[in-house]
S.K.: 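First the structure, which I've put down as structure tokens, then a few questions once you've had a look.
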Amino acid sequence: MDAESYQPSEEHQMLREAVRALSDEKIAPRAAEADENEEFSWEVYKDLVASDFHAVHIPEEYGGAGADALAAVIVIEEVARACASSSLIPAVNKLGTVPLLLSASEEIKQHYLPPVARGEAMFSYALSEPEAGSDAASMKTRAVKDGDHYVLNGTKMWITNAGVSEYYTVMAVTDPSAGARGISAFVVEKSDEGVSFGAKEKKLGIKGSPTRQVILENVRIPEWRMVGDPGTGFKTALATLDHTRVTIAAQALGIAQGALDYAIGYVKERKQFGKPIAEFQGLQFMIADMAMKLEAARQLTYAAAAKSEAAMRGATVKDLTFFSSAAKCAASDAAMEITTDAVQLLGGYGYTREYPVERMMRDAKITQIYEGTNQIQRLVMARQLLK
Ligand code: CAA
Ligand code: FAD
């Protein structure tokens with residue numbers, strides 16, 4: 001795939017079929033249970049690792065599959081079609097490690113990426129704080145230099161897969177007088193003394209993916225674990241999101257596709273007024289609109305993935321920031337509409353946990369909130385257009 005083309009290749013198609021087969025066989029049957037029990041599924045994690053779908057983006061030189069951005073999108077899409085929570089395994093492994101790929105020393109990359117590629121460790125990304133969500137640069141977590149170490153103190157909020165991940169990319173203030181230019185990025189390990197986790201948040205959706213605070217109390221880490229130079233952490237954090245908002249778009253597409261597929265099957269079976277409800281034009285038009293919105297969002301997401309891949313390979317891609325925000329915003333808005341319509345198509349049954357569209361509608365909502373709310377995506381797009 002090059003920057004000019006985003007058409008999936010034959011390999012991409014084969015990858016999609018392989019992930020769909022795994023998702024249908026092993027992930028979909030566990031999705032309702034993970035949602036109901038609010039538990040991370042280690043069985044799904046092991047299945048993803050066994051098929052090498054847990055972190056396909058890691059380059060071959062660090063023991064990974066070296067798959068391109070579109071391949072990562074396809075994996076996340078197909079896992080999310082069955083279970084949105086499980087799709088956060090490949091998505092957040094990418095989110096946690098892209099800062100390293102963009103900015104870290106070779107020492108850090110050689111140390112931390114191979115265990116992730118082998119499926120021995122997961123990686124999370126810790127930017128948000130209780131009082132610094134959209135305004136991420138207003139974070140308070142501090143990292144103070146002490147000899148050849150840094151000492152970290154603060155609370156990171158809403159961290160996906162906190163507790164199950166071994167490693168965390170943590171953004172912290174090293175120079176309080178320098179604003180966004182005084183923020184640096186570090187790798188923190190779960191086993192570092194002083195690291196603890198808050199209670200699991202009780203959420204509307206993606207219940208099979210733990211969301212917890214990461215609490216840092218006098219966490220002393222060697223200075224080689226700083227990602228990039230002092231003061232570059234915020235830029236690295238935002239540059240990362242330029243690549244990973246595309247993966248949240250992929251998650252949204254998958255959730256929407258799952259809901260659309262289920263609803264299409266249902267309306268062909270369900271009979272009212274003596275015939276399948278699929279024969280009512282009012283519902284046919286709803287289905288046409290759902291598929292149209294989904295395909296439009298998919299094409300935008302694949303275009304953004306092509307730009308992400310080109311940028312990762314070193315090209316200057318001026319509109320990556322716009323495209324990744326646009327893809328995330330369009331796909332998540334589409335997912336919310338499509339899953340809501342899927343519930344409508346199933347009538348009262350759609351409103352119950354006996355059918356998966358109810359879970360899909362709850363799961364879709366988060367895609368409009370995380371990796372920057374859709375208001376923030378519009379702010380980012382507008383800044384790009386008006387600058
Ligand atoms: N790449 C690299 N650098 C960038 C950048 C980009 N895309 N965008 C901005 N920068 C640089 C700027 O050039 C500036 O640097 P200089 O001062 O050296 O010029 C610096 O970063 C600060 O930029 P801004 O002044 O634009 O920053 P801001 O404070 O106005 O905030 C923002 C910008 C877009 C609102 C940003 O804070 C943001 O994206 N907020 C949303 C937070 C977010 O998305 N959080 C996601 C958490 S992860 C998550 O949710 C996980 C999950 O899904 C599973
Ligand atoms: P706020 O910033 O307080 O926003 C509240 C409302 O105000 C929103 O509607 C917002 O759009 C609006 N708003 C704010 N500023 C503006 C503005 N300038 N213009 C217009 N509207 C505005 N973070 C991580 O770092 N790592 C993770 O792994 C992670 N995972 C998450 C998982 C879950 C389940 C959740 C819920 C969140 C996660 N987040 C994570 C945090 C997420 O990125 C933030 O919740 C998000 O960026 C919004 O921040 P906030 O919740 O503080 O909302």
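Here, residue 1 is the first one in the sequence, and each next residue gets the next number. Just follow the structure's listing: the first ligand is 1, and inside any ligand the first atom is 1. Note that this is a predicted model, so its numbers are computed, not measured.
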S.K.: Please state which part of Leu127 comes within less than 4.0 Å of ligand 2, counting heavy atoms only: side chain, backbone, both or neither.
M.R.: both
S.K.: How about NZ on Lys271, more than 12 heavy atoms from neighbouring residues, nucleotides or ligands closer than 6.0 Å, or not?
M.R.: no
S.K.: Under 4.0 Å between a Lys/Arg side-chain N and an Asp/Glu carboxylate O for Arg313 and Glu309?
M.R.: yes
S.K.: Just let me know how Thr373 lines up against ligand 1, side chain, backbone, both or neither, with a heavy-atom cut-off below 4.0 Å.
M.R.: neither
S.K.: What atoms of ligand 2 come within less than 4.0 Å of a heavy atom belonging to Ile369?
M.R.: 46 (C)
S.K.: Would you check the N or O atoms of Lys203, main chain and side chain alike, for any that come under 3.5 Å of an N or O of ligand 2?
M.R.: no
S.K.: Looking at ligand 1, does any of its N/O atoms fall within less than 3.5 Å of an N/O of Tyr125?
M.R.: no
S.K.: What part of Asp135, side chain from CB on, backbone N/CA/C/O, both or neither, has a heavy atom under 4.0 Å from ligand 2?
M.R.: neither
S.K.: Out of Asn374, Leu379, Ile366, whose heavy atom sits nearest atom 35 (C) of ligand 2?
M.R.: Ile366
S.K.: Give the residue, atom name and distance (to 0.1 Å) of the protein heavy atom nearest atom 34 (C) of ligand 1.
M.R.: Val380 CG2, 3.6 Å
S.K.: Between ligand 2 and Ser134, is the shortest N or O to N or O distance under 3.5 Å?
M.R.: yes
S.K.: What do the steps show when you test Ile264 against Met290 for side-chain contact (heavy atoms from CB on, under 4.5 Å), and what is the final call?
M.R.: CA-CA 11 Å; Ile264 286 176; Met290 290 157 81; over 6 Å; no
S.K.: Measuring to protein heavy atoms, does anything land under 4.0 Å from atom 48 (S) of ligand 1?
M.R.: yes
S.K.: Where is the nearest protein heavy atom to atom 44 (O) of ligand 1: which residue, which atom, and how far?
M.R.: Arg245 NH2, 2.8 Å
S.K.: Provide the number and element of each atom of ligand 1 under 4.0 Å from a heavy atom of Ser128.
M.R.: 47 (C)
S.K.: In this structure, which one of Lys207, Lys200, Arg30 forms a salt bridge (charged side-chain N to carboxylate O under 4.0 Å, His left out) with Glu39?
M.R.: Lys200
S.K.: Number the atoms of ligand 1 from 1 as they appear, then name those within less than 4.0 Å of a heavy atom of Thr321, with their elements.
M.R.: 7 (N)
S.K.: From atom 7 (O) of ligand 2, is the closest protein heavy-atom distance below 4.0 Å?
M.R.: no
S.K.: Starting from atom 10 (N) of ligand 1, what is the nearest protein heavy atom, named by residue and atom, and what distance separates them?
M.R.: Leu238 CD1, 3.7 Å
S.K.: Please state which protein non-hydrogen atom is closest to atom 29 (O) of ligand 1 and give its distance, to 0.1 Å?
M.R.: Ala137 CB, 3.9 Å
S.K.: Less than 4.0 Å between atom 2 (O) of ligand 2 and some protein heavy atom, yes or no?
M.R.: yes
S.K.: Show me which atoms of ligand 1 lie under 4.0 Å from any heavy atom of Asp242.
M.R.: 1 (N), 6 (C), 7 (N)
S.K.: Is it possible for you to say whether Leu48 and Val164 belong to one hydrophobic cluster, with membership spreading through side-chain heavy-atom contacts below 4.5 Å?
M.R.: yes
S.K.: Relative to atom 23 (N) of ligand 2, which among Pro210, Gly96, Ser128 owns the nearest non-hydrogen atom?
M.R.: Ser128
S.K.: Starting from atom 50 (O) of ligand 1, which protein heavy atom do you reach first, and at what distance in Å?
M.R.: Glu371 N, 2.7 Å
S.K.: For the residue pair His57 / Thr247, report whether a side-chain donor-acceptor contact shorter than 3.5 Å exists.
M.R.: no
S.K.: Can you list the atoms of ligand 2 that are under 4.0 Å from a heavy atom of Ile159?
M.R.: 24 (C), 25 (O), 26 (N), 27 (C), 28 (O)
S.K.: How far apart are the C-alpha atoms of Tyr150 and Arg225, what are their side-chain angles, what is the distance that settles it, and do they pass the side-chain contact (heavy atoms from CB on, under 4.5 Å) test?
M.R.: CA-CA 9 Å; Tyr150 278 90; Arg225 286 209 229 147; over 6 Å; no
S.K.: Regarding ligand 2, does Tyr370 bring an N or O atom to under 3.5 Å of one of the ligand's N or O atoms?
M.R.: no
S.K.: Among all protein heavy atoms in this structure, tell me which lies nearest to atom 11 (C) of ligand 1, with the distance rounded to 0.1 Å.
M.R.: Lys235 CG, 3.9 Å
S.K.: Considering heavy atoms of the protein only, find what lies nearest to atom 27 (O) of ligand 1 and give residue, atom and distance to 0.1 Å.
M.R.: Phe234 CE2, 3.9 Å
S.K.: Under 4.0 Å from atom 27 (C) of ligand 2, do we find at least one protein heavy atom?
M.R.: yes
S.K.: What atoms of ligand 2 come within less than 4.0 Å of a heavy atom belonging to Ile206?
M.R.: 34 (C)
S.K.: Heavy atoms only: which of Thr160, Ile183, Ile376, Leu241 lies closest to atom 54 (C) of ligand 1?
M.R.: Thr160
S.K.: Taking only heavy atoms of Leu127, which atoms of ligand 1 are found under 4.0 Å from at least one of them?
M.R.: 45 (N)
S.K.: If you measure from each non-hydrogen atom of Lys387 to ligand 1, which part falls under 4.0 Å: side chain, backbone, both or neither?
M.R.: neither
S.K.: Can you tell me if Gly133 contacts ligand 1 (heavy atom of the residue under 4.0 Å from the ligand)?
M.R.: yes
S.K.: Could you tell me the residue and atom name of the protein heavy atom closest to atom 28 (P) of ligand 1, and the distance to it rounded to 0.1 Å?
M.R.: Arg383 NH1, 4.0 Å
S.K.: Which pair of non-hydrogen atoms, one from Pro90 and one from Phe53, has the smallest distance, and what is that distance?
M.R.: CB-O, 3.7 Å
S.K.: Just by distance, no angles: are the side chains of Tyr125 and Glu371 close enough, under 3.5 Å, to form a donor-acceptor pair?
M.R.: no
S.K.: Under a 4.5 Å side-chain heavy-atom rule over Ile, Leu, Val, Met, Phe, Trp and Tyr, are Tyr266 and Ile287 clustered together?
M.R.: yes
S.K.: Would you say ligand 1 has an N or O under 3.5 Å from any N or O of Arg181?
M.R.: yes
S.K.: Strictly less than 4.0 Å: does any protein heavy-atom distance to atom 37 (C) of ligand 2 fall in that range?
M.R.: yes
S.K.: For the CD atom on Glu193, are there more than 12 heavy atoms of other groups (residues, nucleotides or ligands in this structure) within a distance under 6.0 Å?
M.R.: no
S.K.: Measuring from atom 40 (N) of ligand 1, which candidate in Ala239, Gly372, Ala136, Ser134 has the nearest non-hydrogen atom?
M.R.: Ser134
S.K.: What atoms in ligand 2 come closer than 4.0 Å to a heavy atom of Thr373?
M.R.: 10 (C), 11 (O), 48 (C)
